[in-house]
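Everything numeric here is computed off the predicted structure, so don't read it as measured data.
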Amino acid sequence: MNPNENNAQAGFYKLSWLQRIGFGSGDLAQNLIYQTICMYLLFFYTNVYGLDPGVAATMFLIVRLVDVAWDPLVGAYVDKHNPRLGKYRSYLVLGGIPLTGLAILCFWNGFSGSIIYAYVTYVGMSMLYTLVNVPYGALNSSLTRDTDEITILTSVRMFMANCGGLAVSAGVPLLIAILAKVDELPIETALFMGLGSLPSFIFMPLVPAIKKKVGKKNMFYIFLSIAIIGMAMLYVISKTMVMEENMTLIYVAQFIKSTGVIVATGYMWALIPEVISYGEYTTGKRISGIVNALTGIFFKAGMALGGVVPGFVLWLTDYVPQEETKSFPTDANAWFLTMLIYALVGLALLIFCFSQCKERVVMDDKATDEVKVSDLFVEFLRNRPLRVVAFFFITAFAMMSVGNAAGAYYMDNMQALPEVQQEGILWLVCVIPAILLGLAMWIISKYELEDDVVDDINRKIEERAAQENK
């Protein structure tokens with residue numbers, strides 16, 4: 001038996017490129033579906049569906065409170081059960097199909113202005129997204145223990161996630177305009193929104209080399225600082241210049257901001273398998289579903305801020321939708337058909353991800369039987385690295401969600417609005433995200449699992465398992 005086979009038996013599997021791309025297609029799929037919801041649902045609700053911004057913001061908050069109760073139930077259920085189609089991957093299909101249907105219905109205007117319909121479809125969609133996202137996150141740590149392989153896997157995953165982000169951010173405005181049959185396509189809006197994902201194609205493939213050169217924490221510090229610089233540039237340009245006459249400068253600032261955000265928030269997903277292994281080392285339980293449910297609560301809490309804060313800021317500044325603009329047509333059928341196309345493509349990709357992934361590093365049946373919902377709270381209290389990652393998630397996702405939700409308003413002829421409304425939108429696009437990034441930098445400084453520590457932990461876990469099996 002060669003050394004590679006020994007490593008594989010010890011859980012340090014090497015994955016093929018088809019397996020890496022197959023896993024990454026799950027993130028691409030979820031971005032096509034859920035990123036469309038995150039970036040454009042608030043704008044759809046206020047400018048097409050007819051909800052007051054304050055009402056929409058309250059609904060976003062309530063939905064996230066539902067998630068706080070729902071996520072740990074899903075995490076415990078996933079860890080306790082072993083469906084025939086796969087412990088984690090089965091939910092890509094079982095949850096993906098109804099998720100697709102409800103995501104499409106969120107953008108249906110048949111009950112225009114009905115708060116009840118909005119609640120039913122949005123709450124249902126969010127719960128089904130959890131049923132897909134929690135086991136998908138756990139699937140990452142079940143493929144291999146190899147930290148180098150996980151770094152590559154995360155880079156591929158984030159690259160494909162940002163392919164989805166680019167398709168959503170740049171593609172949605174263009175597709176809506178095409179389906180609405182407007183005279184002039186919103187090229188400037190698509191370019192600005194697309195720059196939120198474009199740097200991933202340059203920098204995410206370089207993440208393994210950058211991390212090796214400067215170290216894990218320094219990589220976070222560098223790119224979080226770059227993001228803050230980009231946000232400051234965007235604010236100054238928008239306050240002191242006519243936007244339509246200085247779009248090149250705006251694009252440059254957006255690219256700088258997005259470069260920092262993408263690398264820093266993209267690599268954070270590689271931290272989850274590390275804290276799962278740390279928990280397994282200290283307790284003997286590899287509760288991947290529980291840990292992903294916990295991080296899910298925090299990233300959804302961040303996303304709750306991303307939905308709530310923009311809505312309330314718009315409400316406080318007395319935001320009133322403008323008449324039809326070239327950036328985002330308010331043709332309800334165009335919005336619905338756009339979501340239909342994106343959701344169906346996303347479902348096909350979820351099925352492809354299911355076909356290429358196989359769980360190899362999972363709990364034994366005895367440990368599975370012992371999993372309880374209370375494990376989520378116990379693990380949070382005793383797993384210090386997990387707490388650091390959880391708080392980093394809430395700040396990072398709050399930052400991304402606030403900025404993403406506000407981007408549509410920023411490019412929708414913002415300088416035609418009253419000054420107080422312009423200032424509110426700029427705070428959402430630049431100031432609040434920059435404050436959150438500063439907080440995220442302080443949080444990540446407390447993370448203690450360097451790569452050599454993680455490798456040592458994984459080796460000791462496998463040695464302990466080998467001893468127990470003798």
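Remark: Gln19 engages Ser16 in a side-chain hydrogen bond (donor to acceptor under 3.5 Å, both in side chains) (not counting sequence neighbours). By the side-chain hydrogen bond (donor to acceptor under 3.5 Å, both in side chains) test, Trp315 is found to be paired with no residue, residues two or more places apart in sequence or in another chain being considered. Take Ala167 and apply the side-chain contact (heavy atoms from CB on, under 4.5 Å) test, not counting sequence neighbours, and it matches Leu32, Tyr342. Contacts of Tyr447 classified as side-chain contact (heavy atoms from CB on, under 4.5 Å), with partners at least two apart in sequence or in another chain: Lys216, Lys217, Leu271, Glu274, Val275, Pro385, Val388, Val389, Ile444, Leu449.
Val429 places a side-chain heavy atom less than 4.5 Å from the side chain of Leu234. Side-chain contact between Leu428 and Val309 is present, with heavy atoms from C-beta onward closer than 4.5 Å. With a 4.5 Å cut-off on side-chain heavy atoms, Trp17 and Val156 count as touching. Side-chain contact between Tyr409 and Met414: absent, with no pair of heavy atoms (C-beta onward) separated by less than 4.5 Å. Side-chain contact between Met125 and Tyr34 is present, with heavy atoms from C-beta onward closer than 4.5 Å. Contact annotation: the side chain of Tyr129 never approaches that of Leu102 to less than 4.5 Å [non-hydrogen atoms, C-beta and beyond]. Two residues are said to be in side-chain contact when any heavy atoms from C-beta on lie closer than 4.5 Å; Tyr45 and Phe60 meet this criterion. Side-chain atoms of Val78 and Val74, non-hydrogen and from C-beta on, do get closer than 4.5 Å to each other.
Ion pair Lys211/Asp451 flagged as a salt bridge, since at least one NZ, NE, NH1 or NH2 atom sits closer than 4.0 Å to an Asp/Glu carboxylate oxygen.
Not one N or O on the side chain of Asn246 forms a donor-acceptor pair closer than 3.5 Å with the backbone of Leu249. Within the 3.5 Å criterion, the main-chain N or O of Ser114 finds no donor-acceptor partner in the side chain of Tyr119. With hydrogens and angles ignored, the 3.5 Å screen pairs no side-chain donor or acceptor of Gln35 with any backbone N or O of Val168. Between the side chain of Thr46 and the backbone N or O of Phe43, at least one donor-acceptor pair lies under 3.5 Å. For Asn162 (side chain) and Gly165 (main-chain N/O), no donor-acceptor pair under 3.5 Å exists by modelled atom type. No side-chain donor-acceptor contact under 3.5 Å links Arg89 to the backbone of Gln356. Proximity of a side-chain donor or acceptor of Ser25 to a complementary backbone N or O of Gly22 within less than 3.5 Å is detected. Under a 3.5 Å cut-off, the side chain of Ser126 and the backbone N or O of Val123 do not form any donor-acceptor pair. Side-chain N or O atoms of Gln415 include one that pairs as donor or acceptor with a backbone N or O of Ser238 at under 3.5 Å. Arg387 contributes a side-chain N or O that, together with a main-chain N or O of Phe380, makes up a donor-acceptor pair within less than 3.5 Å.
Ring planes of Trp335 and Phe44: tilted class, angle from 30 to 60°. The aromatic rings of Phe23 and Tyr136 sit parallel to each other, their planes meeting at less than 30°, with 60° as the upper class boundary.
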Derivation of the side-chain contact (heavy atoms from CB on, under 4.5 Å) call for Met247 and Ile250: CA-CA 5 Å; Met247 289 307 300; Ile250 288 175; 3.9 Å; yes
Stepwise side-chain contact (heavy atoms from CB on, under 4.5 Å) test for Tyr122 and Ile37: CA-CA 9 Å; Tyr122 188 40; Ile37 297 284; 3.9 Å; yes
Working for ring-ring contact (aromatic ring centres under 6.0 Å, His included), residues Tyr49 and Phe111: CA-CA 8 Å; Tyr49 191 74; Phe111 293 97; 9.0 Å; no
Phe192 vs Tyr251, ring-ring contact (aromatic ring centres under 6.0 Å, His included): CA-CA, chis, key distance, verdict: CA-CA 6 Å; Phe192 175 84; Tyr251 296 150; 7.3 Å; no
Trace of the side-chain contact (heavy atoms from CB on, under 4.5 Å) decision for Met219 with Val207: CA-CA 9 Å; Met219 183 175 70; Val207 163; 4.1 Å; yes
Step-by-step ring-ring contact (aromatic ring centres under 6.0 Å, His included) determination, Phe336 to Phe107: CA-CA 5 Å; Phe336 175 76; Phe107 282 87; 9.1 Å; no
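A side-chain contact (heavy atoms from CB on, under 4.5 Å) with Ile176 is found for exactly one of Val172, Leu174, Leu179, Ile178, namely Val172.
Between Ile104 and Ala343, the shortest heavy-atom contact is CG1-CB, 3.6 Å. Of all heavy-atom pairs between Leu349 and Ala29, the closest is CB-CB, 3.6 Å.
Residues in residues 26-55 take part in these salt bridge (charged side-chain N to carboxylate O under 4.0 Å, His left out) pairs, two or more places apart or across chains: Asp27-Arg157.
No donor-acceptor contact under 3.5 angstrom links the side chains of Tyr117 and Ser112, judged on distance only. Under the 3.5 Å distance criterion, with hydrogens and angles disregarded, a donor-acceptor pair is assigned to the side chains of Gln30 and Asn133. Under 3.5 Å, the side chains of Tyr40 and Thr338 contain no donor-acceptor pair of N or O atoms.
How far CG of Asn31 is from OG1 of Thr36: 8.5 Å, rounded to the nearest 0.5 Å. Between Leu153 atom CG and Ile21 atom CD1 the span is 11.0 Å, to the nearest 0.5 Å.
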Listed pairs under 3.5 Å, donor-acceptor, residues 221-228 side chains, sequence neighbours left out:
| from | atom 1 | to | atom 2 | distance (Å) |
| --- | --- | --- | --- | --- |
| Ser225 | OG | Tyr221 | O | 2.8 |

